[in-house]
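Numbered from 1 within each chain, the chains take letters A, B, ... in sequence-line order. Every value quoted in this text rests on a predicted model; they were computed, and no experiment measured them.
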There are 2 protein chains.
Amino acid sequence: MAKDNTTESLLRQCADAGMRRTAALEACLRVLVEAPQPVTLQDIPKSPAFKVNADPATIYRLIQRLEERRIVRRIGFHSRAAHYCLRQQHHHDYLVCRDCGTVEVLDIACPVAHLEKQISTESGFADIDHELEFYGRCAACQ
Amino acid sequence: MAKDNTTESLLRQCADAGMRRTAALEACLRVLVEAPQPVTLQDIPKSPAFKVNADPATIYRLIQRLEERRIVRRIGFHSRAAHYCLRQQHHHDYLVCRDCGTVEVLDIACPVAHLEKQISTESGFADIDHELEFYGRCAACQ
DNA sequence: TTAGATGCAAACGATTTGCGCGGAA
DNA sequence: TTCCGCGCAAATCGTTTGCATCTAA
């Protein structure tokens with residue numbers, strides 16, 4: 001498979017936002033498109049979908065630009081490293097094991113999306129989104 | 001003011017959980033009791049409520065033990081440093097500015113507490129709690 | 001007396017930044 | 001041709017750990 005449509009459309013979106021079309025950018029986007037769950041900066045070059053060489057600093061700066069342009073979303077979890085996923089994908093909430101760090105994507109209707117507008121009005125904050133994670137001990141760690 | 005009841009009761013709780021009653025522990029607890037919002041490890045010794053000298057490593061290990069005993073809760077936000085607050089205090093959700101990092105405590109009934117049991121049943125995870133933050137741009141940063 | 005706490009200093013891991021070269025537009 | 005993006009290397013920052021000493025119980 002060369003470039004699937006999704007990666008291609010993201011690349012166009014990046015170009016429209018003033019980013020140059022480089023091999024590293026394309027590789028990062030492809031990893032994000034194929035990732036079943038949020039990835040860390042170190043995960044990215046390890047993915048088989050990442051077919052070029054790139055310096056960690058380059059990946060860092062790319063993701064930073066993608067985040068500024070609101071193409072990717074940063075997620076905290078509780079690990080030392082930040083995780084990232086595409087905003088274009090459907091919003092998810094997560095279930096994380098506090099012992100082993102396993103992340104599961106929750107398949108529930110997000111229960112708080114409707115609060116954003118209300119909070120925005122009451123607080124004066126703009127561009128509100130949210131992050132919701134459940135933490136517990138997974139079956140294997142109990 | 002010497003030792004308010006809250007700090008004193010936490011100290012007892014710690015003793016019951018096998019921790020020794022030390023000056024550093026008491027100072028940490030007092031800072032947490034008085035903090036209007038979650039604090040970082042570096043914030044703790046800067047607080048006027050922290051009246052002794054203590055090494056960062058000591059504070060780190062104290063908070064770690066308090067977290068293991070589930071006396072304090074860790075919160076991610078998106079800053080580099082983790083934040084901590086007392087679990088005994090009423091659970092809160094937060095509104096954070098993505099530009100300046102300001103944290104506001106949200107005064108809303110938490111909309112997801114009731115989901116924890118359901119998620120626990122469906123996933124096999126135990127001891128579930130959650131973290132919910134809204135991110136936006138505060139009035140000053142717009 | 002003695003297991004748990006502390007201080008000091010060094011190790012770590014994940015970014016984060018400065019700089020000069022190279023390639024997309 | 002220009003300016004953005006890249007690799008390389010060094011600097012930061014927030015922990016995290018090893019070890020010898022101290023002290024609450």
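Here B:Arg65 reaches the OP1 or OP2 of C:dT6: one of its side-chain N or O atoms lies under 4.0 Å away. For C:dT15, neither phosphate oxygen OP1 nor OP2 lies less than 4.0 angstrom from any side-chain nitrogen or oxygen of A:Tyr60. At C:dT17, none of the side-chain N or O atoms of A:Arg61 fall inside 4.0 Å of OP1 or OP2 (strictly under the cut-off). For D:dC6, one of the phosphate oxygens OP1 or OP2 lies less than 4.0 angstrom from a side-chain nitrogen or oxygen of A:Thr22. Under 4.0 angstrom from either OP1 or OP2 of C:dT15 there lies no side-chain N or O belonging to A:Arg80. The side chain of A:Arg21 places no N or O atom within less than 4.0 Å of a non-bridging phosphate oxygen (OP1 or OP2) of D:dG5.
Here A:Arg61 pairs with nothing under the salt bridge (Lys or Arg N to Asp or Glu O under 4.0 Å) rule; sequence neighbours left out. In this structure, B:Asp55 has no salt bridge (Lys or Arg N to Asp or Glu O under 4.0 Å) partners at least two apart in sequence or on a different chain.
Across all strands shown, A:Ala57 has heavy atoms under 4.0 Å from base atoms, whether or not it also approaches the sugar-phosphate. Using a 4.0 Å heavy-atom distance criterion, A:Gln42 is classed as a sugar-phosphate-only contact.
For the pair B:Lys46 NZ and D:dG14 C1', the computed distance is 12 Å after rounding to whole Å. At whole-Å resolution of the value, CG in A:Leu66 and P in D:dG5 are 11 Å apart. Rounded to an integer number of Å, the gap from B:Glu67 CD to D:dT15 P is 11 Å. Atoms CG (B:Asp16) and P (D:dA24) sit 19 Å apart, rounded to a whole Å. In this entry the distance linking CG of A:Asp55 with C1' of C:dG22 reads 15 Å, nearest Å. Rounded to whole angstrom, the span from the CG atom of B:Asp43 across to the P atom of D:dC13 amounts to 15 Å. D:dT23 atom P lies 17 Å from atom CG of B:Leu25, rounded to whole Å. Atom CG in B:Leu62 sits about 15 Å away from atom P in C:dG4, given to the nearest Å.
Taken to the nearest 0.5 Å, the OG1 atom of A:Thr102 stands 12.5 Å off from the CZ atom of A:Arg137.
Residue whose closest nucleotide on DNA chain D sits further toward the 5' end, between B:Met19 and A:Thr58: A:Thr58. Nearer to the 5' terminus of DNA chain C, by closest-nucleotide assignment, is the contact made by B:Pro56 (compared with the other of B:Pro56 and A:Arg20).
Inspection of the A:His130 and A:Glu116 side chains reveals an N or O donor paired with an N or O acceptor under 3.5 Å.
We find that B:Lys117 and B:Glu122 are not joined by a salt bridge, their nearest charged nitrogen and carboxylate oxygen being 4.0 Å or further apart. Contact check on A:Glu34 versus A:Arg30 returns no salt bridge, with no Lys/Arg side-chain nitrogen under 4.0 Å from an Asp/Glu carboxylate oxygen.
Rotation axes derived from the C1' atoms of the five outermost pairs at either end of the helix from C:dT1-D:dA25 to C:dA25-D:dT1 lie 40° apart, to the nearest 10°.
Taking the six-membered ring for Trp, A:Phe77 and A:Tyr94 have ring centres closer than 6.0 Å.
Under the 3.5 Å distance criterion, the side-chain polar atoms of B:Arg69 are matched with a main-chain donor or acceptor of B:Ala17.
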